[in-house]
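Here the structure is a predicted model, which means the values were calculated and not measured. Only heavy atoms go into these numbers, but all of them, side chains included; no hydrogens, no water, no symmetry mates. Every chain is numbered from 1 and lettered A, B, ... according to where its sequence line falls, protein lines coming before strand lines.
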Amino acid sequence: MRILQLHCDNIEYSPIKKEISSAEDIDPKSKRFEEIVVVFVAIEEGDDKTVASNAILQIKDSMKKIDCQKLLLYPYAHLSSNLASPNTALLVLKEMESLASDLEVYRAPFGWTKSYKLQVKGHPLAENSKVITKESIDDSSTALKTESKIKSFWHIMTPDGKMHDISSFNFSKHKNLEVLAKYESAKKRSVDEPPPHVRLMKKMAIADYEPASDSGNMRFYPNGRLIKSLIERYVNEKIHEYGGLEVETPIMYDSHHPSLESYFNRFPARQYNINSEGKHLILRFAACFGQFLMATDFQLSYKTMPLKLYELTRYSFRREQSGELVGLRRLRAFTMPDCHAFCTDMKQAVEEFRKRFDLSRNVIHGLGLEESDYEMAIRFTEDFYNENKSLIEETVKKIGRPVLVEMWKEKFFYFVLKWEFNFIDNLGKASALSTDQIDIENGQRYNITFVDEQNKPQFPIILHNSPSGAIERVIYALLEKAAKDSREGRKPHFPLWLAPTQIRIIPLKPEFLEYCEKLADSIGNKNIRVDIDDRNESIGKRIRDAETEWIRYILVIGEKEMSSKNLNVRDRESGAVNEILMDDFILEIQKQIEGKPYSQLNFARHVSQRPQIMV
RNA sequence: GCCUCGAUAGCUCAGCCUGGUAGAGCGAACGCCUCGUAAGCGUUAGGCCACGGGUUCAAACCCCGUUCGAGGCUCCA
């Protein structure tokens, strides 16, 4: 079904003549309505009562927003080229009419050629067009329906545990928090440039769109793959340290599997669908189901809890609306660490929750993002707040600055508590990075059981944690941060451990190349990424190129260096050239990349041997 | 998904309004230069002007559609 919904000052129509034999028998009188929502409807092949009810649900939802109680259903075939038979169409239309009977509802005659005149209101919500399918019934699900009904209260909580009203809170020292808090009500910002990270992800030869794939599925060039893989390894290591057991689960699932069916119904987003040998498969949008199904088959005792399963999903898929996709910020295929902890009871869950909060903060900082780069939001049900006030206050105190609070009157997701760290970018967009949730529903849904001290089976409480958020989104955040540095007059850079090249050696003349090779060997042996710009270009040119590649250290090698024990190091951070002992220099670098994973150069050592990816 | 805007050389863009031989810089290839901390010099190649239709004697340019991208809306578990 396709609908076009218009909020009108008035509409006037006159039935002219019957267009089809099955047209309704009516008295062809002109009608006129004032202050009304007109919904043009095209009923398509396969539409039925559920589609009708979904459509009315959505129409009512938006009518509530614009505060209008009057509805005109106007059959309009021209919205679709795949129309249902007139008989079905009329039935569906009448169904819609009766479903909307709590409003003041009218219906224009079906099967007639009509002339009409209407005046549409000028406000932003006045015009709206939607495609409604059976599938979107499944998709829009309980979660969406409940969400529109649910009451939530927004506050700011300060580190002293006090709740403040958003409207009266003084944001002057917390600009980013204000952006986050007002994000939903934020009015149009006129931005006519693409987000800075999109230009950078291409310019730095990290990632790019792949037109031959679906939108939101990116390609990663050697630099991007190196950076992504280092971040992935870092997150893996941190979760291993925390005690996560790394597993691997399938990326596609039977949508009619009994445990999954009701779970999928809990999520509004659309999935990628694959039909294969009569099965309807969906691509996973998180690692939850794979791990839950696995845990169901484990034999668990309270002694083995908490059990922590972990997977870095490459990939998770969410078929976001095409208009929502942006660079590396919002994708349809992304890599996400997903770590679940199965806990015996709320006490254990809370204890675990604390560890994971610290872990997440730790990981975010290790990735090169600072306190000032993100704002925290914490959401919980009123009941949970009343029973666990001190946990929430303690968590906010740890962050040490005000956080955004959303409190729900009742539970409508599967969790009772959830927090996220939100990165705020150059265009004032907020995106969630780390997150953790306390889930009290899915243990039962998936029939995951452990036996307690009395040898009785129990359902665990499950925590869902992504300590870094999607890896692509981490890269987005790092690039946006670099863009911000650049805009504010600082030199943009990656954390040294993520830099595709950490040291560049530039021989002054070709005859020094051999010496440079040896130097590069001995630096490379210390697990430092070093390359050599052996191109026949001027020294100035090669230094400039190294600068534009954000390479931190440059070693120019000439007669002087070959005959000296010291290295001549140009540090991009300061722009200064310093003489320094080789060992001290290595030490300086090692100190900065300590505790971080290392990978070899993902390009030829010689710059002259490299393909030109982006200028 | 909807509305608006955009797509011209590998990259960044001019040309389009007012239809008549396709432009620049960077990059690439080749040659010269052999250099001391952010662009040395020259020559050459490179374009079915996103794709498909239409209008016209003639379309990169005007019109319609499609694809992809961006902004806004909706959405963001």
Side-chain angles (χ1 to χ4, degrees), chain A residues 2-5 58 61-62 65 123-133 136 139-144 146-147 183-184 186-195 198-199 202-203 205 208-216 263-264 266-270 285-286 288 318-327 329-331 379 412-415 418 420 422 427 429-432 435 437 439 464 473 491 504 506-512 536-549 554-561 568-572 575-578 611-615:
Chain A
R2 284 163 191 267
I3 63 174
L4 175 64
Q5 186 182 325
Q58 296 198 29
D61 192 41
S62 53
K65 280 184 197 156
H123 65 83
L125 297 175
E127 297 167 301
N128 202 332
S129 127
K130 288 195 172 94
V131 178
I132 293 148
T133 58
S136 68
D139 292 346
S140 75
S141 70
T142 350
L144 257 195
T146 343
E147 190 172 10
Y183 195 62
E184 310 203 358
K187 286 299 147 211
K188 248 191 235 177
R189 328 171 36 101
S190 142
V191 185
D192 46 8
E193 48 178 327
V198 173
R199 196 180 65 84
K202 297 181 189 203
K203 194 183 140 241
D208 208 344
Y209 300 109
E210 173 51 78
S213 180
D214 189 27
S215 312
Y263 187 62
F264 292 158
R266 273 302 229 170
F267 291 92
R270 296 176 167 199
F285 45 85
C288 304
R318 299 182 187 180
R319 223 191 58 201
E320 310 286 10
Q321 297 183 76
S322 56
E324 300 163 10
L325 302 167
V326 202
R329 181 165 93 93
R330 197 89 188 274
L331 298 171
R379 305 153 201 264
F412 65 100
F413 293 121
Y414 53 78
F415 45 80
K418 172 186 195 254
E420 331 91 43
N422 292 281
L427 307 179
K429 307 273 190 186
S431 319
T435 177
Q437 303 162 5
D439 167 0
H464 301 233
R473 192 171 272 188
K491 287 193 174 174
R504 171 150 300 167
I506 304 180
L508 214 49
K509 295 179 192 171
E511 61 235 55
F512 305 135
N536 182 17
E537 296 287 352
S538 72
I539 186 73
K541 171 70 174 289
R542 283 180 288 171
I543 284 170
R544 183 188 145 85
D545 283 352
E547 282 278 350
T548 59
E549 286 178 53
I554 300 173
L555 308 180
V556 176
I557 303 297
E559 285 95 345
K560 218 167 69 188
E561 287 72 24
N568 236 328
V569 179
R570 185 186 206 275
D571 185 345
R572 177 163 172 271
V577 180
N578 298 309
Q612 187 85 31
I613 296 180
M614 291 285 162
V615 182

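- With a cut-off of 3.5 Å on both pairing distances, U34(B) has no Watson-Crick or G-U wobble partner at all.
- A distance of 9.0 Å separates CG of Leu331(A) from CD of Glu320(A), quoted to the nearest 0.5 Å.
- Contact annotation: Ser215(A) side-chain N/O to G69(B) OP1/OP2 distance is under 4.0 Å.
- The gap from the P atom of C51(B) to that of G47(B) amounts to 13 Å, rounded to the nearest Å.
- Between Leu325(A) atom CG and C73(B) atom P there is a gap of 16 Å when expressed in whole angstrom units.
- With both ends at atom C1', the span from C57(B) to C64(B) equals 22 Å, rounded to whole Å.
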Counting primed atoms, P, OP1 and OP2 as sugar-phosphate and everything else as base, the B/S/- map of nucleotides 34-39 of chain B against protein heavy atoms under 4.0 Å is BBBBBB
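- Taking atom P on both nucleotides, A7(B) is separated from A50(B) by 8 Å, rounded to a whole Å.
- Ionic pairing of Arg570(A) and Glu547(A) is present here: one or more N-O contacts between side-chain nitrogen and carboxylate oxygen are shorter than 4.0 angstrom.
- Rounded to an integer number of Å, the gap from Asp214(A) CG to G1(B) C1' is 14 Å.
- Of all nucleotides present, only A70(B) satisfies the Watson-Crick or G-U wobble test against U4(B), with each distance under 3.5 Å.
- The separation between Gln321(A) atom CD and G72(B) atom P is 14 Å, rounded to whole Å.
- C76(B) sits 50 Å from G20(B) when the P atoms are compared, rounded to a whole Å.
- Pairing for C48(B) is absent, with no Watson-Crick or G-U wobble pair whose two atom distances lie under 3.5 Å.
- Comparing the C1' positions of A59(B) and G15(B) gives a spacing of 14 Å, expressed to the nearest Å.
- Residues forming a side chain to side chain contact (heavy atoms under 4.5 Å, CB included) with Ser215(A) (at least two apart in sequence, or on another chain): Leu325(A), Arg332(A).
- Across the protein-nucleic acid pair, Tyr209(A) atom OH and G6(B) atom P stand 18 Å apart, rounded to whole Å.
- A gap of 14 Å separates the P atoms of U4(B) and C63(B), to the nearest Å.
- C76(B) atom C1' lies 11 Å from atom NZ of Lys429(A), rounded to whole Å.
- Using a 4.0 Å heavy-atom distance criterion, Leu4(A) is classed as making no nucleic acid contact.
- Listed for the Arg318(A) side chain is a donor-acceptor partner under 3.5 Å among the backbone atoms of Phe285(A).
- Across the P atoms, G54(B) and A60(B) are found 15 Å apart, a figure rounded to whole Å.
- G46(B) and C62(B): their C1' atoms are spaced 30 Å apart (whole Å).
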